Structures are given as structure tokens and as C-alpha cells.
Amino acid sequence: MGSAMTMNAIALPADIPSISAKVDPADYAAIRAAIAVITEHWRDQPSLERIASEAGTEPARLQKIFRRWAGITPKQFVQAITLDHARNLLSGEASVLDTAYEVGLSGPGRLHDLFVTHEAMTPGDFRARGAGLVIDWGFHPSPFGHALVMATDRGLAGLAFADDPSGFEAALADMTRRWPRAEYRENLKATGPLARRIFDPSRWREEEPLRIVLIGTDFEVRVWETLLRIPFARAATYSQIATRVCSPKAARAVGAAVGKNPLSFVVPCHRVLGANGALTGYHWGLTRKRAMLGWEQAVSAA
DNA sequence: ATTTGGTGTTGTG
DNA sequence: CACAACACCAAAT
């Protein structure tokens, strides 16, 4: 970890507002450990006892909090993340993206998604107009660890993750580095409602779309827009996205752009897999990517 | 199983 | 302007 960035004095308020979902976010640490174990050993279908012991938890407690988090048991989760299953996410039919464009973001019979309206800001715009841009930020609990929410008055601009408070500084530095000219201020009052809404599917409403601001190059923004068309609990490959945005050969360029997505989860870069169904990479850790995919499977099965 | 060669975009000098 | 780096991919060892 580089220490050139001295981002001291991150105030940690005592009263972190908790999200209203049925998930107790404090348990994510145990859940994350369990998922890490599962990720390592899913090939040999580990038992609940083994998962719990290797994760340093009691089986009964793990069963309970995991179920509250995902709606399914750790054992079912093991089945949900096998390679075969990941391949199934990639479309049975033509292409998830093709059908998404035909049907629209959310059609009948398809799960609702986090409705989003976006406006793009090119780096040029940002430099010119964003000279006085103020970004409010705050850490909030989420089903995937502590979430760093960053917002402007024009909408949500950044979403990052940290496993525990010791990672806050790094996460914040990672994000502020992307828009060096902006002015940052901690403001939980502004970011709290966004955090609550983003991670609670029951609050996703078509009538009140979530406003987001995409700050990136032309190409990057086009890639991120395409990601928004991948339906909930489904997945697409890098080359499918490349075909849509540019040329099928551009898969690698797409990978680079996907990796720079500043709005993880909201812009669902976790739904992009390699051509063989393997999870290729994730800026905030492959474990978290698996957690998000598994969580979506569980939520959509309900 | 691993290696290789072809790719588009971006950041750096 | 050139060049390396990249969350890729298919084909050839």
C-alpha cells in the first residue's frame, strides 16, 4: 500500500445509520470469510461444518446470518457459484444483451433492476465545469461490506467498498484519485439515503430512477452504459459487450474500461464474465464479485 | 494445460 | 508520435 497519500482525519461517526434491509451488515465479515472458504473449496462441496470452522465461526451462527443475508444457506450458495451455474447466467438464448435491448431494461417476467438515469461527463466537461464540483462522501454498511458512497448534486458519482474501517483510507484515496480536481467533503446526511436505497431492492422504483453521473472517456462511458443493460441475476461476456460497443476484437479494451467503473454494483460490472464463464477479475476483490452474483441468484429465486 | 498472436483504448514520455 | 499496459479470446502447441 503506498503511503504517499496522507488522507488523515477520517472521522468515524458513532451513529452509522444502518440500512433498513433484513440484513445485519455487521455480519458481513463472517459472511465474507465463509464466501472466501467456499470460493476456495467449492469443487469438493464442503459441508456447513467445514465452512464454518475454516471461517472461524459456529455452524449455527453462520447458517443463521448467512440465510438472513442471502435468503439461502451456505450449502445452496456453494451450488450457486459453480462454474456450470456461472455459464448458465451467460444466456441460454441468443445473448442477454440482445434480449435486453428488445425487451427494455425490465420487461414482464423479468426481475426488476435498479432503475437508473444517467448523464455522462467527459473529462473535458469535468475539467471545465467540474472545477467547482463538490462531492459528498460517506461510508455506510452494505450487504457487501462497508460501502463508500460519493454524490454530487447531479447524482451519484462513485461507489466503492472496504471490508473494514482499516480499509477506509485506501478506498477513499482510490476514488478521489479519479477526479483530482473536485472538492470533497464528508456528508453522511447526503449519502445515507442513497446507500439505503441502493442496497434494498424493495426500494427500486421505475417512477423514481436513481440519478447517476458517469465521469469518464467516451469509450468508457459507452461501455458502462452497456453494462446497465445486463439484467439482474444474469451475466454477459467481455466479448459480447465489445461487440455491442465497438468490435468483437475489442474485448480486452472493454476489460480495461470495465475495471475503471467508478460505480460498482450500481453499474453492474460484476455481471461480466470471461467467455468460458470464469470470473476474470474485480477491482474490489473476486470474493466480493462472487458475493454479488450469489446474492442476486438468491434474491431472484425468492 | 500452456503459450502465442491479434486485438482497441488509454496513459505516459 | 510511439509504446506499454490491460478484469480478453481463440487457435496452436
Side-chain angles (χ1 to χ4, degrees), chain A residues 1-2 4-5 32 35-36 39-40 42-43 81 83-91 94-98 120-128 130 144-145 147-148 158-163 167 170-171 173-182 214-230 233-296:
Chain A
M1 279 281 168
M5 190 102 36
R32 171 168 49 88
I35 291 175
T39 303
E40 187 101 1
W42 57 268
R43 279 158 227 279
I81 65 166
L83 187 57
D84 277 352
H85 197 279
R87 283 208 192 88
N88 290 341
L89 300 187
L90 284 175
S91 92
S95 150
V96 214
L97 286 172
D98 291 335
M121 278 175 110
T122 68
D125 281 342
F126 179 63
R127 209 159 305 197
F144 312 107
L148 169 57
L159 185 58
F161 291 96
D163 287 332
D174 186 314
M175 296 305 286
T176 53
R177 199 164 40 233
R178 302 172 188 228
W179 312 296
R181 308 179 70 109
L214 261 22
I215 303 172
T217 67
D218 263 5
F219 180 78
E220 287 163 351
V221 170
R222 283 205 323 270
V223 169
W224 300 337
E225 283 170 349
T226 309
L227 298 189
L228 286 168
R229 312 304 293 255
I230 308 174
R234 302 299 304 275
T237 66
Y238 292 94
S239 56
Q240 282 170 354
I241 299 190
T243 308
R244 179 70 60 189
V245 162
C246 173
S247 113
K249 317 274 191 180
R252 196 166 182 160
V254 165
V258 170
K260 291 182 195 149
N261 170 28
L263 281 171
S264 57
F265 185 73
V266 171
V267 174
C269 58
H270 57 281
R271 296 180 198 149
V272 192
L273 310 180
N276 58 3
L279 279 67
T280 328
Y282 196 71
H283 188 81
W284 304 106
L286 277 177
T287 298
R288 210 181 311 273
K289 185 171 184 177
R290 258 178 231 279
M292 287 178 183
L293 288 168
W295 180 83
E296 291 192 353

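Protein chains get the first letters and strands the later ones, always in sequence-line order, with residue 1 at the start of each. In this text the structure is predicted, and so the values were computed from the model without any measurement.
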- prompt: Within the side chain of Arg290(A), is there an N or O that forms a donor-acceptor pair under 3.5 Å with the backbone of Leu279(A)?
  reply: no
- line: Taking dC6(C), dT9(B), dC8(C) as options, the one with an atom nearest any side-chain atom of Ala256(A) is dC6(C)
query: Should the pair Phe161(A) and Phe144(A) be assigned to parallel (<30°), tilted (30 to 60°) or perpendicular (>60°) ring geometry?
result: perpendicular
query: Are Thr217(A) and dT10(B) close enough that a side-chain N or O sits under 4.0 Å from OP1 or OP2?
result: yes
query: Under 4.0 angstrom, heavy atoms only, what part of the nucleic acid is Ala250(A) near: base, sugar-phosphate, or nothing?
result: sugar-phosphate
- prompt: dG8(B) P sits how many Å from Asp218(A) CG, rounded?
  reply: 17 Å
task: Tell me which of Pro248(A) and Ala253(A) sits closer to the 5' end of DNA chain C, going by the nucleotide each one is nearest to.
output: Ala253(A)
query: Is the backbone N or O of Ala242(A) less than 3.5 Å from a side-chain atom of Ser239(A), with the two atoms forming a donor-acceptor pair by type?
result: no
- request: Starting at atom CG of Leu293(A), determine the distance to atom P of dA7(C), rounded to an integer number of angstrom.
  value: 18 Å
query: Can you check the Asp174(A) CG to dA7(C) C1' distance for me, whole Å?
result: 14 Å
field: Between dG5(B) (C1') and Lys249(A) (NZ): distance, integer Å
entry: 11 Å
message: I'd like to check Pro262(A) versus Leu159(A) (side-chain heavy atoms, cut-off strictly below 4.5 Å). Are they in contact?
response: no
Identity of whatever pairs with dT7(B) - Watson-Crick or G-U, under 3.5 angstrom: none
- prompt: dC8(C) phosphate, OP1 or OP2: any side-chain N/O from Ser239(A) under 4.0 angstrom?
  reply: no
task: Whole angstrom is fine here: how far is it from CG in Asn261(A) over to P in dT10(B)?
output: 15 Å
message: If you only use heavy atoms from C-beta on, which nucleotide in dG8(B), dA7(C), dC6(C) is closest to the side chain of Cys246(A)?
response: dG8(B)
field: Backbone of Cys269(A) reached by a side-chain donor or acceptor of Trp224(A) within 3.5 Å
entry: no
- request: Just call it for Tyr238(A): base, sugar-phosphate, or nothing, with non-hydrogen atoms closer than 4.0 Å on any strand.
  value: base
query: In whole Å, what is the span from the NZ atom of Lys260(A) to the C1' atom of dC6(C)?
result: 8 Å
- request: Would you mind reading off the distance between Asn276(A) atom CG and dC9(C) atom C1', rounded to a whole angstrom?
  value: 10 Å
query: Side chain of Ala275(A): nearest nucleotide among dC9(C), dG8(B), dA7(C)?
result: dC9(C)
field: Spacing of Arg252(A) atom CZ relative to dT7(B) atom C1', expressed in whole Å
entry: 8 Å
